[in-house]
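Below, read A as the first sequence line, B as the second, and so on, with proteins coming before strands; counting in each chain starts at 1.
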Amino acid sequence: MTAERYNARVAEPRWQQVWDEKGIFASKNDDPRPKYYVLEMFPYPSGRIHMGHVRNYTMGDVVARYKRAKGFRVLHPMGWDAFGMPAENAAMANKVHPREWTYANIAAMKAQLKSMGLSLDWAREVATCDPSYYKHQQRMFLDFLAAGLVERKQSKVNWDPVDQTVLANEQVIDGRGWRSGALVEQRELTQWFFKITKYSQELLSALDTLDRWPEKVRLMQKNWIGRSEGLHVRFALDPATTPNGESELEIFTTRHDTLFGAKFMGLSPDHPLAKAAAEKNPALKAFIAECKKVGTAQEAIDKAEKRGFDTGIRAIHPFDPSWRLPVYVANFVLMEYGTGAIFGCPAHDQRDLDFVNKYGLGNTPVVCPEGQDPKMFVVGDEAFVGDGRMINSRFLDGMTFAEAQEEVAKRLEGTVRGNAPVGRREVMYRLRDWGISRQRYWGCPIPVVHCRTCGVQPVPAADLPVTLPDDITFDRPGNPLDRHPTWKHTTCPKCGGKAVRETDTMDTFVDSSWYFVRFTDPWIETAPTDRPAADSWLPVDQYIGGIEHAILHLLYSRFFTRAMKATGHVGIEEPFAGLFTQGMVVHETYKGTDGHWVMPAEVTIETVEGKRTAKLSDGTPVEIGPVEKMSKSKKNTIDPDEIIKTYGADVARWFMLSDSPPERDIEWTEEGVQARWTFVQRLWRIVNEAAEVASAGDLPRPAFFGEPALALRKATHQALSRVSDDIEKLRFNRCVAHIYELANAVQASLAAAGASPDQDYRWAVRECAEILVQLFHPMMPHLAEECWEVLGQPGLVAEAAWPEVEADLLVEDTITLPVQVNGKKRGDVTVPRTAGKAEVEAAALALDAVQKALDGKLPKKVIVVPNRIVNVVA
RNA sequence: GCGGACGUGGCGGAACCGGUAGACGCAGCGGACUUAAAAUCCGCUGGGGGAGACCUCGUGCGGGUUCGAGUCCCGCCGUCCGCACCA
């Protein structure tokens, strides 16, 4: 009678092996059924999976298993984002070759992922560090180059003089290299760029079509692209005041309406005119040098006060030749945006106002808020940036801000000086081109050679891949490719003369910008894609990953897909039709008396009189800290491997799906794991008992169902309907709640149904058990297979079709409506579903509670909302 | 500074288009079974009042719209996130 406890440790590997042997998760490209491509962001092979992976991959797996059951041919692949710095760091620290380190990590992580029971098609596995992958990436680089989507240009980088390497912004901490601690320098290097800005407008406009993306991500990308419409204005300069007789300064503005409020011109310290002026003015030179010092640390930039230096140059106002404006070098003007020069209108720009207040240049308001007396309107410490009417602006006076903009633009466009109009409308974007050069070894080599006579030459397609040499050393700083004795020496493909290879490798974001395409046919050797396969699978229907990739990875992938389309490798523009960003996994933190963090595994929690206290195994008290994202530094991590070994993968998966909405953070707790484990055991018992109440095939479907059987069937089909709906919407926490409810319902029926002589009740229990197992199968697949077997079902639940809802079971014959008096609930009425308004009203008014609340008065009005509520207005 | 999201029991959260607030789970309390414990099963569990049927207050705070507001509108407060001298 009593079943053994469910033993996940035995059952899980067994079912994983069965799935593996039957190859049921391998998707075929020639399968004619409708496709569904579900993808989770592939991991960096750090060597161990963490709880974030467990959450991410569980969600994707639920969708994959569900869609498979719904009759789709599902593509659910996995691979490795395998290039990158940690492999080189490991090489330096432990003298392991980056390749060995990476592949060992891949093997370890793959075993861990397999223990999760994910329904992945491992036949399509790719690793970006494999020449069979990066060969195609090199090919596409060359295609992009030919298509004008790649460019080589000078760019500023953070240079670590000790490690002799370029650092990403986040690797610069307080102006110093994160590893070496050396002061970081700004260096100009010639680097390769993908011309993502060619697609600025398209990447922006197409955001509107991504209706299955989170609004938040679309907004972040929109802001990142940063479109603004403005005007280029060529200010004339008084040549008598310029260092070399320069006669013109071009600025960019979006507030040309405020031109009459101008008080100064601002030059970036990097502006050519500023540099030229500095050559003749040592004090200015010193000022510029000082500006650059602040440069790197973000904090310093934030807090730096506005400072400037009068160059002595004078600009002429475009609408008044007699109006001179002083030209300052100002530390807050960026060379990278617009033209690196501005005109300052302090009354309507806070930065400009801070600046003039410091240098006593005054301010004149030119926009007056609606309804305020222009004569009384003054600007003090706070710039007025709102809408209003023009004042103090000659021919613009009285116009709205929009009218004034139009008027100024029109006039300046029509004014010609030296063959060109003084004003030119332009749309400006904040988005910059994507610099992909990295001075590192463990990345995809950029397939070009440098020839002294022919310049930069692409490596011929036939010579790809340019592979990384194996014999490298990390005993010295700098890029091993650069100092390799032979690797970089080659011949020029054009002239046959001596040439050197490019020793920079590509940013790893390039690798991850097209892996989802490669998965559609990872076997083809002659090209990055097999077009029919790519066309049939793409776009990804559901992409799932962390919000931290909201901008770069997703934007680069969107660009890359467009570039691939332009070069004929795919037929689509948008790679991800649906995007979901999951929340983090968080945990309490613990701090020992010595102030060091303590791992949860070392802590014992006790609850005494409602107060939780923590201590170490030797009794030393531990302080319970705030709940935070799991991180190595705070030591509040839980090892998925340990959880799977102790409780099984299904418990870990179930935890990840329960309670917290998937887009929000989830808190991992010991009580929580226990509870999920208890529920697994309970489901196991329920199914075993249900199997005894009604074993497979021995009960024909009854023609009639009595009350208890019907009630259970309604609960069953309602749960089926709701779980299906919620999986489609990725509302996994609600699925879990519905499954609990159904489990409660069937458990309450078991004893009565077993004792009942009527077969209909037993049949309903069996139906419920079967559907219940199918409902939790996407979430806890191993337990589901085990239960499916107990129920004597043929085949695997992983291959079973999703059950059909019997729609008439979702409709009740009678409905119970709440009855309110003046909005306060006073009772319920149960009426036939077909009852008319009058009937419902009469039934509601007949209630004792309603009569009591009315206190003898006649109701003023009775509102009957069909199927919802009755409200009696007294 | 700019932009966005979110505030519901002791906790995670549910509540469709404005219609019974607190589903489901955790924790807690009481009971059954047991020599006992574990496991399991049953019941209770927002605050206040009442022996009880019930009454009353209650979704961050203050207003408003509505027969009816957790949900809509206005104004605050708080928390989190993104961007950040972008002209």
Collect all protein-nucleotide pairs involving nucleotides 46-57 of chain B in which both atoms are nitrogen or oxygen and the distance is under 3.5 Å.
unit_1	atom_1	unit_2	atom_2	d
B:rC55	OP1	A:R826	NH1	3.3

I'd like to know if the side chain of A:D349 and the backbone of A:C345 have a donor-acceptor N/O pair within less than 3.5 Å. no
Heavy atoms under 4.0 Å is the rule here; annotate nucleotides 23-30 of chain B 5' to 3' with B where the base is hit, S where only the sugar-phosphate is, and - elsewhere. BSSS----
Any chance the side chains of A:Q747 and A:R685 put a donor and an acceptor closer than 3.5 Å? no
Run the ring-centre check on A:F679 versus A:Y740 and record whether the distance is less than 6.0 Å. yes
Look at the side-chain N and O atoms of A:R430 and state whether any lies under 4.0 Å from the OP1 or OP2 oxygen of B:rA84. yes
Report yes or no: does A:R676 contribute a side-chain atom to a donor-acceptor pair with the main-chain N or O of A:G672 at less than 3.5 Å? yes
Hydrogens and angles aside, do A:T830 and A:T816 bring a side-chain donor and acceptor to less than 3.5 Å of each other? yes
Of A:R868 and A:A748, the one whose closest RNA chain B nucleotide lies more 5': A:R868
Would the A:Y328 and A:F309 ring centres measure less than 6.0 Å apart? no
Closest listed nucleotide, where the reference is the side chain of A:P818 and the choices are B:rU20, B:rG13, B:rA87: B:rU20
Check this one for me: any side-chain N or O of A:R685 less than 4.0 Å away from OP1 or OP2 of B:rA39? no
Residue pair A:R5 / A:Q681, side-chain donor-acceptor N/O under 3.5 Å: no
Determine which nucleotide pairs with B:rG3, using a 3.5 Å limit on both distances of a Watson-Crick or G-U wobble pair. B:rC81
Reading nucleotides 65-73 of chain B from 5' to 3' and marking B where a protein heavy atom lies under 4.0 Å of the base, S where only the sugar-phosphate is that close, and - otherwise, the string is --BS-----
Check this one for me: any side-chain N or O of A:R731 less than 4.0 Å away from OP1 or OP2 of B:rA14? yes
